[in-house]
There are 2 protein chains.
Amino acid sequence: MSAIRVLVVEDNPLIAADIEQCLTNINFHIVATAFTVNEAISELAAHTPDIVLLDINLGEERDGIDIAKIIAEKYQIPFIYITSYSDNATIERAKPTKPAGYIIKPFDERDLLAAIEIGLYNFSQRAIMSKSNITIEIVNKHISDPLTFREFEVLRAIYEGKTNQQMAKELFISINTVKTHIANLYQKLNVTSRTAAIALIRTWL
Amino acid sequence: MSAIRVLVVEDNPLIAADIEQCLTNINFHIVATAFTVNEAISELAAHTPDIVLLDINLGEERDGIDIAKIIAEKYQIPFIYITSYSDNATIERAKPTKPAGYIIKPFDERDLLAAIEIGLYNFSQRAIMSKSNITIEIVNKHISDPLTFREFEVLRAIYEGKTNQQMAKELFISINTVKTHIANLYQKLNVTSRTAAIALIRTWL
DNA sequence: TATAAAATCACCCATTTGGGTGAACGTTAA
DNA sequence: TTAACGTTCACCCAAATGGGTGATTTTATA
């Protein structure tokens, strides 16, 4: 496994050095340390790190939360806030940016490593989640009369936007058979259209 | 705002008492403290708390991760692990259960409060997310010819499984107009069916 | 105010989808 | 060896959807 590439944004050189020292001896590679918002922006563009550690208070007009917005907008890289005070207003402002984690100062090496590892994991999970992984188990967990395997295959194809013709071709069956499966699974899901079926599935995936 | 109802699962009475003391003086109400897996299961059923604090190591055969699986399966309540970061294998086992947060021992009151607040927030966000969180901004970010607001409303209705008739009724327009909007937005999305449109949106969710 | 963009509606036609019935065939388990 | 179930297919009909054209009204906005 290659080292995890970290960008640190922290205006206090002492803390920045501390973080660097914590991370460099293990599985992490600090690609850059930014002390200002502008530095952070250019370092982001230059290195596209795997994760960003963001001090919220940077002693200038714009703060870490502004950087977070840029990251979410342009890079979709997970970021972790480093925040010193439990200033409630700041926390409330930080929450909606969907950080991968928080570290409350003062923190030790263990806190830091845990936050990064967990943050990276959750972020990757969220990305995987958002793709599509319906299973027949998940579907049948929510209905009384379970789908057969073939019905499930047709349902999945519907979920993926296929037409009946495409399904017939891909599953090597006639379009009539596809229609039979659809009629049966509609009854089991208690819906009367493809889109309703999709919307239903979405609520329980 | 009513107090947040917390279930604590922790076999060490000292730590349990510590947590209780931290939480009771603020906005939290501890509905129960469980010292064993079986206790946790019955307290869960009895109180259906808002959030569960789970010590992973409970000194018995089954641990907090087993409880987490039960929570995810039957209750969909967010839970936060309390763990000492020492054991890497345990952490790896804990990650896939999608906890709302972690607290690393030893922790202080501030860590605890932050974890709960953030955990609850993220969890509720995830629940909202999975319902339907399309915005016209998100959609238009991915296409060259942007949707108009009305087209977007129709697209969202499609995403939610509505039929043309339902849309016409809900948007106070004729079914012909609905069809016009659909035809236009299909061109902009470069699709030829509702399900294809939904599948497309899902990729940029 | 002139003009463009957005929103509204109508009509036609072809295709797709949904609902219902019936039936053949193979596998599995009582 | 029945019976139940899953899978396959056919046919019919009604409803919904998709594709195209054209037109009017409303709403920005230059």
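The structure displayed is predicted, hence computed values, not measured ones. Throughout, a chain's letter reflects where its sequence line sits, starting with A, and its residues are numbered from 1.
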Could you walk me through whether Val178(B) and Gln165(B) pass the side-chain contact (heavy atoms from CB on, under 4.5 Å) test, one step at a time?
CA-CA 8 Å; Val178(B) 173; Gln165(B) 262 180 354; over 6 Å; no
Could you please spell out the steps behind the side-chain contact (heavy atoms from CB on, under 4.5 Å) verdict for Ile158(A) and Met167(A)?
CA-CA 8 Å; Ile158(A) 287 176; Met167(A) 291 185 230; 3.5 Å; yes
Does Arg202(A) form a side-chain contact (heavy atoms from CB on, under 4.5 Å) with Ile198(A)? I'd like the steps, not just the answer.
CA-CA 6 Å; Arg202(A) 196 165 47 234; Ile198(A) 294 170; 4.0 Å; yes
From CA spacing to verdict: side-chain contact (heavy atoms from CB on, under 4.5 Å), Val154(A), Asn164(A):
CA-CA 9 Å; Val154(A) 170; Asn164(A) 292 355; over 6 Å; no
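Leu7(A) has its side chain out of reach of Leu53(A): every pair of non-hydrogen atoms, C-beta onward, lies at least 4.5 Å apart. With contacts defined as side-chain heavy-atom distances shorter than 4.5 Å, the pair Ile82(B)/Leu54(B) does not qualify. Between Ile173(A) and His181(A) there is a side-chain heavy-atom pair separated by less than 4.5 Å.
Here the range on DNA chain C touched by chain A, meaning any atom under 4.0 Å from one of its heavy atoms, is dT16(C) to dG19(C).
In this structure, Thr192(B) reaches the sugar-phosphate backbone alone: every heavy-atom distance under 4.0 Å involves primed, P, OP1 or OP2 atoms, never a base. As judged by a 4.0 angstrom heavy-atom cut-off over every strand, Thr177(B) is placed among the base-contacting residues.
Between its opening and closing five pairs, the helix from dT1(C)-dA30(D) to dA30(C)-dT1(D) changes axis direction by 50°, a value rounded to 10 degrees.
Each of Pro146(B) and Ser174(B) has a nearest nucleotide on DNA chain C; the 5'-most of these lies closest to Pro146(B).
What separates CZ of Arg194(B) from C1' of dA16(D) is a distance of 8 Å, to the nearest Å. In this entry the distance linking CG of Leu155(B) with C1' of dT17(D) reads 16 Å, nearest Å.
If you check the side chains of Glu20(A) and Thr33(A), you find a donor sitting under 3.5 Å from an acceptor. With 3.5 Å as the limit, one finds no donor-acceptor pair spanning the side chains of Glu60(B) and Thr36(B).
For DNA chain C, the residues of residues 163-173 of chain A within the heavy-atom distance limit of 4.0 Å (strictly under) are Thr163(A), Asn164(A), Gln165(A), sorted by number. Listed by residue number, the members of residues 179-188 of chain B with any heavy atom below 4.0 angstrom from DNA chain D are Lys179(B), Tyr186(B).
Scanning for salt bridge (charged side-chain N to carboxylate O under 4.0 Å, His left out) contacts around Glu43(B) gives an empty result, with sequence neighbours left out.
Sequence neighbours left out, the pairs with a member in residues 182-195 of chain B that pass salt bridge (Lys or Arg N to Asp or Glu O under 4.0 Å) are Glu151(B)-Lys188(B).
The environment of CD in Glu170(B) is crowded: more than 12 heavy-atom neighbours from other residues, nucleotides or ligands sit within 6.0 Å.
For Phe149(B) against Ile136(B), the heavy-atom pair with the smallest separation is CA-CD1, 3.8 Å.
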